[in-house]
Amino acid sequence: MSDPVQRIAAFVDDLLRNRRPRRFGASAEEMEALQAAVELRTAQPGADLPDRDFIDRLGRQLRSRMEPKHQPIGVTRRTLLRTAGLAAAAGVAGAVIDRTIVSQPAGGQATLTPDSGSWRPVAALADVPAGQALRFSSGSVEGVLVNDGGTIKAVSAVCTHQGCLLRLDATAHRLRCPCHPTVFALTGKVVSSHLPVPPATLPAVQARVRDGQIEVLVV
Amino acid sequence: MYPGTYRLHVQLVAGSRPEVFVLEGSVYTDWETIYQENAVRVYRLIFSRVGNRPDAEDLTSEVFVKSLPQLSLPAPVPQVRAYLSTAVRSVLADHWRRHYGALLADVEVDNVIRPFDLTPSPEESGRAGRVLALLPERSRQILELRFLRGYSIKEAAGAMGVSPGNAKILQYRALRLAADIGARMLS
C-alpha cells in the first residue's frame, strides 16, 4: 500500500469487518491512528464479547493439553481407585461422619455409612445418561448421582462448610454453594473456595443399580 | 494443608520495591476453574487492544496455553490474576511489536491495565464518546459514520458529499486528532 492514508483505511476496513488486519511497519503517527481506531471499534456495544464456540473450543484444547498433568472434569478411573484407597485408609466401616470429615487427610474423602441404613431407589438409571449428573433427595440425605461411563457414583450435596445445600451446575460439572463462593467437582473435591480455609471434600454416598433403578445407602 | 500459607504474599518485581499483599485465602485449585472464571475477561481485555476477533482469539489462546502449565496449584486467586494480566501485557506488546513494529506498545499497554484487575480501567469506559464529542464537526462525522453506524468508506463519502479518496484522508486525520485528544485525557 502506498501511503499512511491507504494503510489506515485498509486497517479500519478490516476492523469493521472483523477480519485480521493486514500487517505493516507503522510510523509513530500511524500507530496513534491505529490505536485510536481500535479504541473506537471497541466502543461499539457488544463488539468485545467473545464467541461462545471459541471459549468452548479453547477449553477443550486446553483440556487435551493439560490432562496428562492435571485431573480433568468428571470422575476418572484413577480418581475412583484413589478415592477408594483413601476411604479404606480412613476406616470406612462404622466411621462417624463428622469426625471422619474433620480428621481426614487433605484431599481425602469420607464415605457416608449410616449405622442402620438401607438401599433406597432415588432415580431410574435412564434418567442419568453417561457423563451426566442428577440431584437426588432421599429425605435424610441430599446428594448427586454421577454416571461415569456407565459406573454410577453418588456424592453428598451438603456443603461441608456450614451445611448449605449445593446447586448442581450440570453444564460445568460442578456443585456450587449458594451461601459462600465455594465450588466442588462432582467427585466431591473442592475446586475453588473464597473461604480462608477451604471446606473438606464432600462425603461419597454408596450407590448401586438394581433393575434399572439407582439405589443409595441411606437412612 | 495450604490454607494459611498465603496470608501474606510478597510480589517482587525487578527494579521496584517489593509489595506485600494481605490475602483472604481465596485459592484456585484447578486450571479449569481458572479458565472458566477468566477466559471472557482476558478475551475482552485483549479485544480492547486489538479491535478484531481473529487476533483477539489467537492472543487469548496464547495467554492460556503459555500461562496454565506454569501455574503451581493451589494458588491464590489474586496471584493467578496478576500472572494472567502480565501474560496479557506480554502477548499484546509482542503482537504490536511483531506486526507493526511498535516500540512503545509496552508503555501503552501498561498504562491501561492495572495489576490484579483484568478489566479496562473505569476511566476508559465512555472515553471514546468523550473523544468524539471534542472533535471538529467533519472529523466527528466521518468517525461516527464509520465506527458507530458501520458505513463503508464509499457510503460515508456519499453522506458527506466528498470523494472516497477525500473520505479516507478525513478519516486518517480524524483518527490522529482523536489519538491526540485521548492522550491529553490520560495525561
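Predicted model only: the values in this text are computed from it and were never measured. Each chain gets a letter, A, B and so on, in the order the sequences are listed, and its residues count up from 1.
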Side chain, backbone, both or neither: which part of [X] has an atom under 4.5 Å from a heavy atom of chain A?
X: B/Ile181; answer: neither
X: B/Glu57; answer: both
X: B/Val50; answer: backbone
X: B/Arg146; answer: both
X: B/Leu132; answer: side chain
X: B/Tyr35; answer: side chain

B/Tyr43 side chain vs A/Asp51 backbone, donor-acceptor pair below 3.5 Å: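 The answer is no, because no donor-acceptor pair under 3.5 Å joins these two groups.
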Short side-chain to backbone donor-acceptor contact, B/Thr29 and A/Val190, under 3.5 Å: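 Yes, because the side chain of B/Thr29 sits within donor-acceptor range (under 3.5 Å) of the backbone of A/Val190.
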Trace of the side chain to side chain contact (heavy atoms under 4.5 Å, CB included) decision for B/Val131 with A/Leu40: CA-CA 9 Å; B/Val131 168; A/Leu40 286 167; 5.9 Å; no
Top contributor to chain B interface from A/Gly59, A/Pro50, A/Pro21 [non-hydrogen pairs under 4.5 Å]: A/Pro50
Heavy-atom pair count under 4.5 Å with chain B, highest-scoring of A/Leu62, A/Val5, A/Leu16, A/Asp13: A/Leu62
Atom CZ of B/Arg98: over 12 foreign heavy atoms under 6.0 Å: yes
Ring geometry between A/Phe11 and B/Trp96 (parallel below 30°, tilted from 30 to 60°, perpendicular above 60°):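 Judged by the thresholds at 30° and 60°, the geometry between B/Trp96 and A/Phe11 is tilted.
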Any side-chain heavy-atom pair of [X] and [Y] under 4.5 Å:
X: B/Thr33; Y: A/Arg174; answer: yes
X: A/Glu30; Y: B/Tyr172; answer: yes
X: B/Val77; Y: A/Ser192; answer: no
X: B/Ser48; Y: A/Asp48; answer: no
X: A/Arg19; Y: B/Asn52; answer: no

SB check A/Lys189 B/Asp30 (cutoff 4.0 Å):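 No salt bridge links A/Lys189 with B/Asp30.
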Side chain to side chain contact (heavy atoms under 4.5 Å, CB included) assessment of B/Asp180 paired with A/Glu32: CA-CA 8 Å; B/Asp180 283 345; A/Glu32 289 174 4; 4.0 Å; yes
